[in-house]
Protein chains: 2
Amino acid sequence: MSQHRHPGASGRAGAVPALPDLPEATVARLPEYLRALHNLADAGHETVSSEGLSAAAGVNSAKLRKDLSHLGSYGTRGVGYDVALLIEQIEYVLGLTQRRAVALVGVGNLGHALAGYDGFASRGFRIAALLDADPSRVGEEINGLVVRHVDELPAIAVEESIAIGVIATPAAAAQRVADQLVAVGVTSILNFAPCVLSVPEGVDVRKVDLAIELQILSFHEHRKASLTALPATGGSALTALPGGLAATDTQEAIGT
Amino acid sequence: MSQHRHPGASGRAGAVPALPDLPEATVARLPEYLRALHNLADAGHETVSSEGLSAAAGVNSAKLRKDLSHLGSYGTRGVGYDVALLIEQIEYVLGLTQRRAVALVGVGNLGHALAGYDGFASRGFRIAALLDADPSRVGEEINGLVVRHVDELPAIAVEESIAIGVIATPAAAAQRVADQLVAVGVTSILNFAPCVLSVPEGVDVRKVDLAIELQILSFHEHRKASLTALPATGGSALTALPGGLAATDTQEAIGT
DNA sequence: AGGCGCTTGTGAAGACGTGCACAAATCGCG
DNA sequence: CGCGATTTGTGCACGTCTTCACAAGCGCCT
């Protein structure tokens with residue numbers, strides 16, 4: 001790409017696209033901010049303070065300001081952030097200005113649901129292909145897309161320009177699919193199969209395991225149960241917990 | 001930490017086993033270890049070294065040892081860990097020794113898939129109720145369970161002892177459902193709706209947002225693209241990256 | 001124009017997580 | 001019985017993330 005002017009332009013002579021290498025923790029929160037911003041925009045807000053936005057996104061306001069400061073100074077002191085401008089900025093940084101094609105492999109139970117999930121399209125992704133290794137599933141039409149055989153992947157990768165692969169197969173098949181995706185040049189994979197994937201350097205894999213989330217909750221349940229079973233150390237032990245139970249990823253008691 | 005207290009048989013000597021408050025990062029990895037251990041057990045292994053297990057789980061071996069050390073000393077120097085014993089220990093700590101009842105609210109696209117997902121049952125969870133607010137969906141049978149109206153929640157919470165609530169509704173309905181779950185005593189919620197939930201203190205909420213995962217991958221795609229587009233500053237900039245691209249949560253190039 | 005209230009952006013400190021490197025411990029074998 | 005090979009458990013240093021607290025900047029009102 002040549003000079004990719006930021007959406008909002010905003011001067012800064014010939015500034016490079018200059019994706020500042022954001023902290024990973026910040027990157028993980030940007031989509032949340034983006035969603036909150038869209039909600040605010042729909043509600044008619046033109047500007048929002050860090051306090052307001054952080055509340056809508058469920059994070060600490062200082063954290064939000066620091067996160068946003070990493071992508072440049074797009075706020076106005078005494079006023080807040082311009083909602084529309086911030087949306088453009090975040091979408092640019094996240095690479096959402098171009099609609100990315102997603103190949104979904106495995107149209108079983110979960111794959112079916114993913115194929116019909118609205119959230120993808122509304123966030124700038126386009127499911128470009130549905131694939132499965134089971135011949136009996138090939139040909140089925142889901143949500144306007146016909147399921148094709150996974151061996152057609154090379155051809156499909158040429159037709160559509162696949163940017164991201166989603167694996168929703170059983171664990172036993174996941175590694176093979178990953179290899180096939182990598183072979184056709186896919187460098188980002190979202191893995192729903194409960195297994196570890198081995199991929200060459202430069203390929204990013206994110207994993208989502210629904211059962212793991214439940215197990216983490218189970219731990220906290222177990223822990224809470226064992227705590228309430230202890231009448232000792234005064235009731236304060238339970239009510240005075242500042243945020244000790246709070247998990248890194250777990251949103252906690254926000255109050256109203 | 002000298003006296004090993006086995007989950008099942010151990011004598012529950014008045015005092016609660018006193019779950020050592022594990023670092024949250026450790027808790028999040030335990031389920032992964034558990035899965036790897038089950039695989040090893042199925043493959044006939046009786047013991048496993050930290051090196052072997054960490055490879056199977058896709059983590060650093062030192063990290064694994066430190067994680068396991070938090071739950072006590074269950075390894076044997078020079079030998080490794082007893083697979084069966086470690087499975088018991090982790091399952092105990094995670095509270096999986098008792099099968100927990102899960103209420104799934106929202107049987108739309110995603111809810112349907114979750115209702116049919118094998119991974120829950122095989123990990124010690126039991127979907128005890130399917131609920132929906134849409135009367136036209138009530139009565140439908142999915143995987144042997146009949147969908148009931150969400151207003152029946154109080155009754156159901158008494159019948160079954162619901163430990164965890166799963167929200168798979170549209171975002172607009174999620175907060176109301178969360179309130180209903182909290183009202184019947186649920187203190188752990190897994191939220192698939194793309195919104196922030198507000199819950200009272202002591203209630204744990206974990207969120208899974210499929211679109212967010214894709215957006216994070218999109219960022220890395222965008223970043224990789226902008227890097228390869230820059231021939232300047234010597235090729236070293238690209239090849240010399242030690243692990244700079246590596247994401248905290250993203251598994252990276254494990255090589256073979 | 002000047003002051004005042006509000007909000008951003010950031011320095012600094014602390015909490016947390018990670019990974020190296022090594023001492024301690026165990027087994028098997030001669 | 002002792003020795004070496006092996007592997008766990010952990011002290012320590014380093015990097016990342018979070019949070020507080022506050023100066024700098026902006027707009028509005030008088």
Side-chain angles (χ1 to χ4, degrees), chain A residues 10 20-30 32-33 45-83 85-86 89 242-252, chain B residues 1-2 4 20-30 32-33 37 40 45-83 85-86 89 241-252 254:
Chain A
S10 79
D21 48 348
L22 309 175
E24 191 60 26
T26 295
V27 174
R29 283 187 294 264
L30 287 181
E32 198 72 45
Y33 301 156
H45 293 71
E46 300 213 338
T47 64
V48 64
S49 69
S50 66
E51 203 65 46
L53 182 53
S54 69
V59 302
N60 180 297
S61 68
K63 198 191 309 194
L64 177 127
R65 287 198 299 277
K66 187 150 289 188
D67 283 342
L68 295 186
S69 77
H70 284 129
L71 21 128
S73 223
Y74 292 106
T76 306
R77 292 164 193 254
V79 177
Y81 299 91
D82 182 293
V83 173
L85 174 61
L86 202 48
Q89 278 305 316
L245 274 179
T248 50
D249 198 19
T250 300
Q251 73 177 74
E252 263 285 318
Chain B
M1 59 184 81
S2 50
H4 294 198
D21 49 346
L22 309 175
E24 191 60 25
T26 295
V27 174
R29 282 186 294 264
L30 287 181
E32 198 73 47
Y33 302 156
L37 283 166
L40 288 167
H45 293 71
E46 300 213 338
T47 64
V48 64
S49 70
S50 66
E51 203 65 44
L53 182 54
S54 68
V59 303
N60 179 294
S61 68
K63 199 191 303 193
L64 177 129
R65 287 198 297 277
K66 189 155 291 187
D67 283 342
L68 295 186
S69 77
H70 283 129
L71 21 130
S73 222
Y74 292 107
T76 307
R77 297 160 122 103
V79 178
Y81 299 90
D82 181 292
V83 172
L85 174 61
L86 202 48
Q89 277 306 315
L241 290 177
L245 275 178
T248 51
D249 197 20
T250 301
Q251 75 177 72
E252 262 283 317
I254 297 174

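Numbered from 1 within each chain, the chains take letters A, B, ... in sequence-line order.
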> Could you go step by step and tell me if B/Leu68 and B/Tyr74 meet the side-chain contact (heavy atoms from CB on, under 4.5 Å) rule?
Replying inline: CA-CA 8 Å; B/Leu68 295 186; B/Tyr74 292 107; over 6 Å; no
> If you check every side-chain atom of A/Arg65, which of D/dA21, D/dT8, D/dT18 has the closest atom?
Replying inline: D/dA21
> Is the shortest side-chain N/O distance from A/Tyr81 to OP1 or OP2 of C/dG9 below 4.0 Å?
Replying inline: yes
> Is the closest side-chain heavy-atom distance between A/Thr76 and A/Asp82 below 4.5 Å?
Replying inline: no
> Please give, in whole Å, the distance from D/dG9 P to B/Leu68 CG?
Replying inline: 8 Å
> Rounded to the nearest Å, what distance is computed from the CZ atom of residue B/Arg29 to the C1' atom of nucleotide C/dG17?
Replying inline: 8 Å
> Nearest-Å distance, CD (B/Glu51) to P (C/dG19)?
Replying inline: 13 Å
> A/Lys66 NZ to D/dC22 P: how many Å, rounded?
Replying inline: 15 Å
> In terms of the nearest nucleotide of DNA chain C, which residue is placed more toward the 5' end: A/His70 or B/Gly78?
Replying inline: A/His70
> Side-chain N or O of A/Ser50 less than 4.0 angstrom from OP1 or OP2 on C/dT8?
Replying inline: yes
> OP1 or OP2 of D/dC22 less than 4.0 angstrom from a side-chain nitrogen or oxygen of A/Arg77, does that happen here?
Replying inline: no
> Nearest to the side chain of B/Ala62, which nucleotide is it out of D/dG11, D/dT8, C/dC20?
Replying inline: C/dC20
>> With heavy-atom distances below 4.5 Å as the criterion, would you say the side chains of B/Lys63 and B/Ser54 are in contact?
In response: no
> Is the shortest side-chain N/O distance from B/Lys63 to OP1 or OP2 of C/dT18 below 4.0 Å?
Replying inline: yes
>> Between P on C/dT8 and CG on A/Leu71, what's the gap in Å once rounded to a whole number?
In response: 14 Å
>> At 4.0 Å (heavy atoms only), tell me whether A/Ser73 reaches a base, stays on the sugar-phosphate, or touches nothing.
In response: sugar-phosphate
>> Please report the distance, rounded to the nearest Å, between CD in A/Glu24 and C1' in C/dG17.
In response: 15 Å
> In Å and rounded to the nearest 0.5 Å, what is the CG to OH distance from A/Leu53 to A/Tyr33?
Replying inline: 7.5 Å
>> OP1 or OP2 of C/dG17 versus the side-chain N and O atoms of B/Asn60: is any pair under 4.0 Å?
In response: no
>> I'd like to know whether A/Asp67 forms a side-chain contact (heavy atoms from CB on, under 4.5 Å) with A/Val59, so could you lay out the CA-CA distance, the side-chain angles of the two residues, the decisive distance to 0.1 Å, and finally the verdict.
In response: CA-CA 11 Å; A/Asp67 283 342; A/Val59 302; over 6 Å; no
> Between B/Tyr33 (OH) and D/dT8 (P), how many Å, whole number?
Replying inline: 13 Å
>> Nearest whole Å is fine: how far is D/dT18 C1' from A/Leu22 CG?
In response: 17 Å
